[in-house]
Amino acid sequence: MLYIVTGANRGLGLEFTRQLLARGHRVFATARNLEQAEELRTLASSAPDALQLFTLDIADPTSIAAFAKTCADHTIDVLINNAGILERGGTLGALDYEAIERGFQVNTMGTLRLTEALLPALRRSQGAKIVNLSSKMGSIAENTSGGSYAYRASKAALNMVTRSLALDLAAEGIIAFVVHPGWVLTDMGGPNALIDAQTSISNLLHVIDRAGPETSGTFQEWQGNTIAW
Ligand SMILES: NC(=O)c1ccc[n+]([C@@H]2O[C@H](COP(=O)([O-])OP(=O)(O)OC[C@H]3O[C@@H](n4cnc5c(N)ncnc54)[C@H](OP(=O)(O)O)[C@@H]3O)[C@@H](O)[C@H]2O)c1
């Protein structure tokens, strides 16, 4: 099985890559800056046949097109759209619209643009899976504290585009769904987070393994429960 993992140089992306390799899968792992991706490069040198590294900035259409071209002759079984940014976007009365725009550019449009570009390679798989890393903060139903306009809106929009992908691709046997990894100890999750990356990813990989047509177009959390939109 060939997995693509974006934002694989640190945090959850690096842990996805580690655990997928340990399970014997092939991984195309991407990062914005491979020169600075030391842990990822060390991992690649220990598994040169299974892990290949690529430069990819999902906010840059040219970078996406170049990566998609590289993937053109491959069969992608699982696309893990992990790359994302936490832009809160200021507070009401002093909102930062550039930050809000950056959130959409990376979390929503970047993820959608990459997915669209990789469709030919996904279509070659029997039952490809598109897994988009969202957040409970993108759930409208779960929003009881307000704020975080940029992050919440960009992930809610990601939820919506994933639902459309699920519907548009259903006839081709490709599934698409969003996952919440938990509140995880990474640069983004910060030091007060509740679980470590290893726990989050081992659980998420079970969720991804089990996912079938009934999972497509849904919002799953790391422990396997469905989250309300
Ligand atoms: N940690 C949590 O508690 C938590 C909770 C809910 C959801 N999530 C979601 O889970 C995913 C991974 O989170 P994390 O905690 O691992 O975050 P992280 O530690 O901040 O890592 C983010 C990753 O995304 C990459 N990235 C950012 N912008 C990019 C771009 N334009 N193109 C390509 N890669 C880009 C980063 O690369 P650089 O090193 O180049 O910046 C980095 O590899 C995100 O989508 C996040 O929203 C995390």
Side-chain angles (χ1 to χ4, degrees), residues 4-19 27-41 43 53-68 79-89 98-99 101-115 117-118 130-139 142-143 148 150-159 161-162 177-201 203-205 207-208 219-223 225 227:
I4 307 270
V5 180
T6 63
N9 53 304
R10 57 190 172 99
L12 299 182
L14 184 61
E15 188 58 28
F16 264 123
T17 305
R18 266 197 206 109
Q19 292 195 23
V27 183
F28 283 3
T30 76
R32 280 197 285 196
N33 187 337
L34 285 177
E35 275 176 28
Q36 287 173 14
E38 276 176 37
E39 285 181 84
L40 189 59
R41 283 191 285 113
L43 208 54
L53 307 185
F54 300 90
T55 302
L56 173 63
D57 179 344
I58 65 163
D60 176 1
T62 309
S63 177
I64 288 180
F67 178 63
L79 167 61
I80 300 181
N81 281 310
N82 164 79
I85 54 170
L86 173 55
E87 290 279 8
R88 294 203 188 269
E98 285 179 9
E101 204 171 317
R102 276 197 302 279
F104 279 113
Q105 264 168 9
V106 177
N107 295 345
T108 315
M109 287 173 56
T111 302
L112 181 59
R113 196 190 296 273
L114 177 65
T115 304
L118 294 181
I130 298 164
V131 184
N132 292 339
L133 270 283
S134 183
S135 168
K136 238 180 194 174
M137 289 183 73
S139 162
E142 296 269 345
N143 185 357
S148 298
Y151 191 65
R152 286 190 189 283
S154 68
K155 292 293 191 182
L158 175 64
N159 293 352
V161 304
T162 307
F177 58 103
V178 286
V179 294
H180 168 68
W183 184 15
V184 195
L185 289 157
T186 62
D187 292 338
M188 186 185 291
N192 298 322
L194 301 176
I195 55 170
D196 59 26
Q198 215 179 345
T199 306
S200 168
I201 298 308
N203 278 272
L204 277 182
L205 287 176
V207 171
I208 294 168
F219 192 173
Q220 301 294 310
E221 52 94 89
W222 63 288
Q223 288 169 305
N225 301 307
I227 301 180

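Read the numbers this way: they start at 1 and go in the same order the structure lists the ligands and their atoms. Computed from a predicted structure; not experimentally measured.
Under a 4.0 Å N-O distance rule, the pair E39/R18 qualifies as a salt bridge.
Listed by chain and number, residues touching ligand 1 at under 4.0 Å (heavy atoms only) are G7, N9, R10, G11, L12, R32, L56, D57, I58, A59, N82, A83, G84, I85, V106, L133, S134, S135, Y151, K155, H180, P181, G182, W183, V184, T186, D187, M188, G189.
Within the 3.5 Å criterion, the main-chain N or O of E87 finds no donor-acceptor partner in the side chain of R102.
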Check: residues 186-195 side-chain donor-acceptor pairs under 3.5 Å, at least two apart:
unit_1 : atom_1 : unit_2 : atom_2 : d
T186   : OG1    : M188   : N      : 3.2
T186   : OG1    : G189   : N      : 3.0
D187   : OD2    : R10    : NH1    : 2.8

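For A8 against T17, the heavy-atom pair with the smallest separation is CB-OG1, 3.6 Å.
Each of T111, T6, T115, N107 was compared with N81 under the side-chain hydrogen bond (donor to acceptor under 3.5 Å, both in side chains) criterion, and only T115 meets it.
The neighbour count for R88 CZ, taken as heavy atoms of other residues, nucleotides or ligands under 6.0 Å away, does not exceed 12.
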